[in-house]
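Please read all numbers here as calculations on a predicted model, not as lab measurements.
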Amino acid sequence: MSVPLYQAKAELFRTLGHPVRIRVLELLQDGPKPVRDLLVAIDVEPSNLSQQLAVLRRAGMVTTWRDGPLVMYALSTPDVADLLAAGRRILGAVLTDRDALLDELRASGEDR
């Protein structure tokens with residue numbers, strides 16, 4: 001029996017629910033990177049990065065291959081970058097709306 005679409009979407013968003021995973025995906029938007037570069041950029045323990053990369057691999061959000069001694073990672077599809085961009089736009093709109101509401105409250109004197 002297949003998983004309902006809403007459940008599959010929930011799993012996708014759960015995958016995005018960790019700051020290290022988000023940071024990895026952001027870094028990979030510029031192109032493939034070896035694990036060593038990700039470690040330097042993210043500043044986490046190698047075991048923690050390894051765990052988070054495994055989650056992203058299982059979810060199909062990144063691909064991996066060996067390039068000589070290096071283990072390389074890349075986004076599995078440009079749609080992952082699009083999803084991150086949409087997240088930034090949504091976050092920007094939400095924060096802008098909050099700032100506008102706060103300004104409105106201050107201007108009306110209702111925040112006292």
Side-chain angles (χ1 to χ4, degrees):
M1 195 155 148
S2 66
V3 174
L5 182 57
Y6 63 86
Q7 190 172 346
K9 286 180 182 178
E11 282 299 318
L12 172 71
F13 285 108
R14 270 193 286 279
T15 299
L16 297 174
H18 194 283
V20 171
R21 288 181 227 143
I22 293 291
R23 187 66 183 126
V24 165
L25 295 174
E26 288 175 343
L27 291 168
L28 295 177
Q29 289 181 96
D30 297 330
K33 296 209 179 344
V35 172
R36 68 176 184 201
D37 290 2
L38 296 172
L39 271 170
V40 169
I42 300 174
D43 191 34
V44 296
E45 293 296 320
S47 61
N48 187 357
L49 181 60
S50 179
Q51 289 173 340
Q52 303 312 324
L53 288 169
V55 170
L56 291 170
R57 273 194 320 270
R58 282 192 303 272
M61 299 191 82
V62 298
T63 59
T64 183
W65 68 93
R66 284 200 165 275
D67 184 9
L70 301 176
V71 178
M72 302 293 293
Y73 279 84
L75 297 179
S76 61
T77 172
D79 293 332
V80 175
D82 294 343
L83 181 59
L84 293 172
R88 282 191 300 275
R89 286 191 306 273
I90 292 166
L91 186 57
V94 168
L95 294 177
T96 299
D97 289 347
R98 289 182 184 165
D99 288 344
L101 179 59
L102 184 58
D103 290 343
E104 186 179 326
L105 285 170
R106 286 185 178 144
S108 68
E110 293 179 21
D111 62 335
R112 296 180 210 173

| Shortest non-hydrogen contact from M61 to L25? |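 Heavy atoms of M61 and L25 come nearest at CE-CD1, 4.2 Å.
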| Nearest heavy atoms of Q7 and V3, plus distance in Å |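 Closest approach of Q7 to V3, heavy atoms only: CB-CG1, 3.5 Å.
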| salt bridge (Lys or Arg N to Asp or Glu O under 4.0 Å) pairs, two or more places apart, involving residues 69-91 |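 Listed once each, the pairs would be none.
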Mind checking whether [X] and [Y] sit in one hydrophobic cluster, side chains of I, L, V, M, F, W, Y counted as touching below 4.5 Å?
| X | Y | answer |
| --- | --- | --- |
| I22 | F13 | yes |
| M72 | L28 | no |
| L70 | V62 | no |

| message | Consider side chain to side chain contact (heavy atoms under 4.5 Å, CB included). Of V35, T63, L27, which one does Y73 pass it with? | response |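 Going through V35, T63, L27 one by one, the side chain to side chain contact (heavy atoms under 4.5 Å, CB included) with Y73 is satisfied by V35 alone.
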Side-chain donor/acceptor pairs under 3.5 Å, residues 38-55, sequence neighbours excluded:
{"from": "N48", "atom 1": "OD1", "to": "Q52", "atom 2": "NE2", "distance (Å)": "3.3"}
{"from": "Q52", "atom 1": "OE1", "to": "R21", "atom 2": "NE", "distance (Å)": "2.6"}
{"from": "Q52", "atom 1": "OE1", "to": "R21", "atom 2": "NH2", "distance (Å)": "3.1"}

| Nearest-0.5 Å distance that lies between atom OG1 in T64 and atom CZ in R66 |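 The CZ atom of R66 is 8.0 Å from OG1 of T64, to the nearest 0.5 Å.
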